[in-house]
Protein chains: 4
Amino acid sequence: MPTVPAFKRLPRAVREQQMLDAAVKVFSRRGFHAASMDEIAEDAGISKPMVYAYLGTKEELFVACLHREGTRMMQAIAGAAAPDLPADIRLWRGLRAFFGFVGAHRDGWAVLYRQARGEQPFASELATMRARLVEVVAGMLDHALRAEGRELAAIDLEVVAYALVGATESLADWLADHPEADPEKTATRMMNVAWLGAAQLLHGVTWRPPAD
Amino acid sequence: MPTVPAFKRLPRAVREQQMLDAAVKVFSRRGFHAASMDEIAEDAGISKPMVYAYLGTKEELFVACLHREGTRMMQAIAGAAAPDLPADIRLWRGLRAFFGFVGAHRDGWAVLYRQARGEQPFASELATMRARLVEVVAGMLDHALRAEGRELAAIDLEVVAYALVGATESLADWLADHPEADPEKTATRMMNVAWLGAAQLLHGVTWRPPAD
Amino acid sequence: MPTVPAFKRLPRAVREQQMLDAAVKVFSRRGFHAASMDEIAEDAGISKPMVYAYLGTKEELFVACLHREGTRMMQAIAGAAAPDLPADIRLWRGLRAFFGFVGAHRDGWAVLYRQARGEQPFASELATMRARLVEVVAGMLDHALRAEGRELAAIDLEVVAYALVGATESLADWLADHPEADPEKTATRMMNVAWLGAAQLLHGVTWRPPAD
Amino acid sequence: MPTVPAFKRLPRAVREQQMLDAAVKVFSRRGFHAASMDEIAEDAGISKPMVYAYLGTKEELFVACLHREGTRMMQAIAGAAAPDLPADIRLWRGLRAFFGFVGAHRDGWAVLYRQARGEQPFASELATMRARLVEVVAGMLDHALRAEGRELAAIDLEVVAYALVGATESLADWLADHPEADPEKTATRMMNVAWLGAAQLLHGVTWRPPAD
DNA sequence: GATGAATGAGCGTTCATTCAT
DNA sequence: CATGAATGAACGCTCATTCAT
């Protein structure tokens, strides 16, 4: 009479999480195309038809992984900094949370993310998430600028934010590839890249191309 | 006595370029996995066995594409700035050349590059190229720092350079996705992100995490 | 003390009819192979294992459908004409009943029938029904012939009857495909095909191949 | 140094016929759905991908079979009777040719044909052929009627012709199921069904439903 | 040198069918 | 009585790759 009801016949919700765990693992290890539904099913300790019954097609399964991991990451970041704090504190806490998350999910999100960037069908799903991040960062910059009585065109804000997000993603890749690296330290380095430049912008300093 | 006007029987070097052109086109349009050797051969106006004879397996073919396009890009960048110019000028000219190249090869390199990031087999090939860029950027920073009598640990230099390269790649993606965007303007924006922060570093300003 | 108003727990016979209704509908719409037990169960508002418990395997279920619909049709025909009427009246009433039935069950029997003709496992079930019809028609012909003092070999009778049944089935298909067509008019047309020829036979007129 | 070039590497046209032969055989034996591409390929002595390369999808393959056999049959019928002969002679020769063809291809066309009737995707392909036959038969009737100074509404002509074609198909089924039966004799019987009635029509005799 | 012909291997997907609850 | 959970077994299809000519 074990507490855990049995070994099999688990409720749907549980099985779905098992499958997603396995899928994240296999997609990460092999990449989307090289991953086989057989391996995912086997890794989840379940037969293939169950995967199709619960999570659908291979693409849908991948999107489900993307979704779960993305949501988790967004929550980790969102819960890190209250919106009423100063911009640098918010940025720092957000970055720290982000790199902390990536460091703790090296096999999961970071690699999933790398997969998704390359495959067309998932570009949009990803673009949505990145767009949210870009928007948040641009909003922070805009807020701080206005507090200083300055302003930047929307497109410039967006591109700068885009670049910062890109730099962050890049360092996340670097972190995922360097298992011994410290997430917090990486966040500090990112701050040095991001904030020093941003602070200049806040003070009205800009760079202009030379005459040539 | 060949009366056939020598349409076929082209010298090997020419054929190889035709194949690479076709391969870049197809890989870009379809992505690595969705691309089929059949389509590449047909697009090159040649039979499949010839592709195998000249450029080898599908992976090798992709690497060859990567290689050719990468080399072209590196040359475009390298030729843009003499190494004895000041760091900001070198950086600016390099970025301008880079974004100019990407803008002119939106369908080619940019997409190839995006493909390569996601597929494990090509990570190394790509990592090598990126490492060269990181090294160059880190070298420029180091050089400029020392000119100011300052110094940064190698790892810090590398990570900062890595972040800048990542931001640049990100904007290259953005550029590839916005056909109407101006490469030079994009380069200017990147300079505003990169140089303002870097200049701070040169003057000894750094950001440190708060006590929290 | 069941307060639940007895929505479920219906008596077996009722459930079986629900299932058969659903099965006929789905088999008609999709065809035997394309029909899935899932859809049938869902359409019947019941779980799949119940279908298996009550009506057995997919093939058995199909046969059950065939059986029910076939019996209904046979009854409709059989009740249409008393056996002591003249042959032409019996034939007319039988045809009228048949086309009436098909017209009223376009989605049911007609399609079921078309399905069954093509799938080997059900050929026999169908052949039995058709054989009964052929026998009846042949019997009518024989009876009428003998009343005229004539006779036809059993095999000839059978083949002629077979052809008439075939023509009738064909027109039933035609009727099922032309929802606006009138069953009674179709029956009249069939009589014109069947009876004019048969009447000739009754008067001893036969066709013989030319010398050629 | 055999006259037949080799065992393998046959030209495409030859292989296609081999495949069609095998496909007709397997489709006939198993039915469309139960037939597997593996079995067809194996029976043709070739690997599966070749089948897909040359003849396409399973459905396309089936249509190709239908097409080849149908064309052969139509040619057999068309070549049997010159259009300037009297209607009964034309009908007789056409039927004789048809039953001769079916009798000679019991395993091929007749069974294929039965398959096609049931499966929706092929209904149209088949309907086209049947429509051609119906048109020819209706044309013959119309021609003969006008020669007698009579006329029938187009719809009536069509339905009568449809019934005759249906009766013929039915006897073809019967013939296919009775390997010992004689095709010519079957044709004669069909003439007795078809022509005796048709001749009545030609003489203005029609059947009308009784008052009831 | 160049190609049409050919294949081994594998993957995504579906479905009828049955336990265990 | 009734069902959600689970699976074995196939099947259609594709593709990179290689002979034989």
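Because only heavy atoms are used, hydrogens play no part in the values below, and waters and symmetry mates are left out as well, while side chains stay in.
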**Message:** Measuring from atom NZ of B/Lys48 to atom CD of B/Glu42, what distance do you get when rounded to the nearest 0.5 angstrom?
**Reply:** 11.0 Å
**Prompt:** A/Arg12 side chain N/O closer than 4.0 Å to the phosphate oxygens (OP1, OP2) of F/dA6?
**Reply:** no
**Complete:** Taken to the nearest whole Å, CG/C/Asp38 to C1'/F/dT7 is 14 Å
**Item:** Between C1' of E/dG12 and CG of A/Leu61, the distance in whole Å
**Value:** 12 Å
**Request:** Could you tell me whether the phosphate oxygens of E/dG4, OP1 or OP2, come under 4.0 Å of any side-chain nitrogen or oxygen in D/Arg15?
**Result:** no
**Fill in**
Comparing A/His33 with D/Tyr54, nearest DNA chain E nucleotide closer to 5' gives the residue D/Tyr54
**Asked** What nucleic acid atoms does D/Met37 come within less than 4.0 Å of, heavy atoms only: base, sugar-phosphate, or nothing?
**Response** sugar-phosphate
**Asked** Going from OH on A/Tyr54 to CZ on A/Arg15, what distance comes out if it is rounded to the nearest 0.5 angstrom?
**Response** 8.0 Å
**Item:** Separation between CG of B/Leu66 and CD of B/Glu59, rounded to the nearest 0.5 Å
**Value:** 11.5 Å
**Message:** Is the shortest side-chain heavy-atom distance between B/Ser28 and B/Lys25 below 4.5 Å?
**Reply:** no
**Message:** Please confirm whether the shortest side-chain N or O distance from C/Ser36 to OP1 or OP2 of E/dT14 is below 4.0 Å.
**Reply:** no
**Message:** What is the distance, to the nearest angstrom, from the CD atom on A/Glu42 to the C1' atom on E/dC11?
**Reply:** 15 Å
**Message:** Both atom distances under 3.5 Å, Watson-Crick or G-U wobble: I'd like the secondary structure of DNA chain E as a dot-bracket string, with | for pairs made across strands.
**Reply:** .||||||||||||||||||||
**Fill in**
Contacts of C/Phe32 meeting ring pair (Phe, Tyr, Trp, His ring centres under 6.0 Å) (sequence neighbours excluded), chain-then-number -> C/Phe27, C/Phe62, C/Phe122
**Request:** Write down the distance between CD (A/Glu16) and C1' (F/dG4), rounded to a whole number of angstrom.
**Result:** 13 Å
**Message:** Closest-nucleotide mapping onto DNA chain F: is B/Glu59 or C/Ile46 further toward the 5' terminus? I mean the 5' end.
**Reply:** C/Ile46
**Closest listed nucleotide, where the reference is the side chain of C/Pro49 and the choices are F/dT3, F/dC13, F/dC19** = F/dT3
**Request:** Can you tell me the distance, in whole Å, between the CD atom of B/Glu39 and the C1' atom of F/dT14?
**Result:** 14 Å
**Message:** What is the distance, to the nearest angstrom, from the CG atom on A/Leu55 to the C1' atom on E/dG12?
**Reply:** 15 Å
**Asked** Between A/Met19 (CE) and F/dA5 (P), how many Å, whole number?
**Response** 10 Å
**Prompt:** Under 4.0 Å: is that the gap between some side-chain N or O of D/Arg9 and OP1 or OP2 of F/dC19?
**Reply:** no
**Request:** With heavy atoms under 4.0 Å as the rule, sort D/Ala35 into base, sugar-phosphate or nothing.
**Result:** sugar-phosphate
**Item:** Side-chain donor/acceptor of B/Ser36 to backbone N/O of B/Glu39, under 3.5 Å
**Value:** yes
**Request:** Counting heavy atoms from C-beta on, name the nucleotide in F/dG4, E/dA16, E/dT13 closest to the side chain of C/Lys58.
**Result:** E/dA16
**Request:** Check every atom of E/dA2, F/dT17, F/dT7 against the side chain of B/Ser47 and return the nucleotide holding the closest atom.
**Result:** E/dA2
**Request:** Would you tell me if any nitrogen or oxygen in the side chain of A/Thr57 comes within less than 4.0 Å of OP1 or OP2 on E/dG12?
**Result:** no
**Prompt:** Whole Å only: how far is the CD atom of B/Gln18 from the P atom of E/dA2?
**Reply:** 11 Å
**Prompt:** How do C/Lys48 and B/Met50 order along DNA chain E: which one's closest nucleotide is nearer the 5' end?
**Reply:** B/Met50
**Prompt:** Do A/Leu55 and A/Glu16 come within less than 4.5 Å of each other through their side chains, counting heavy atoms only?
**Reply:** yes
**Prompt:** Would you call B/Arg130-A/Asp173 a salt bridge at under 4.0 Å N-O?
**Reply:** no
**Asked** Quick one: on DNA chain F, does B/Ala34 or D/Ala34 contact a more 5' nucleotide (nearest heavy atom)?
**Response** D/Ala34
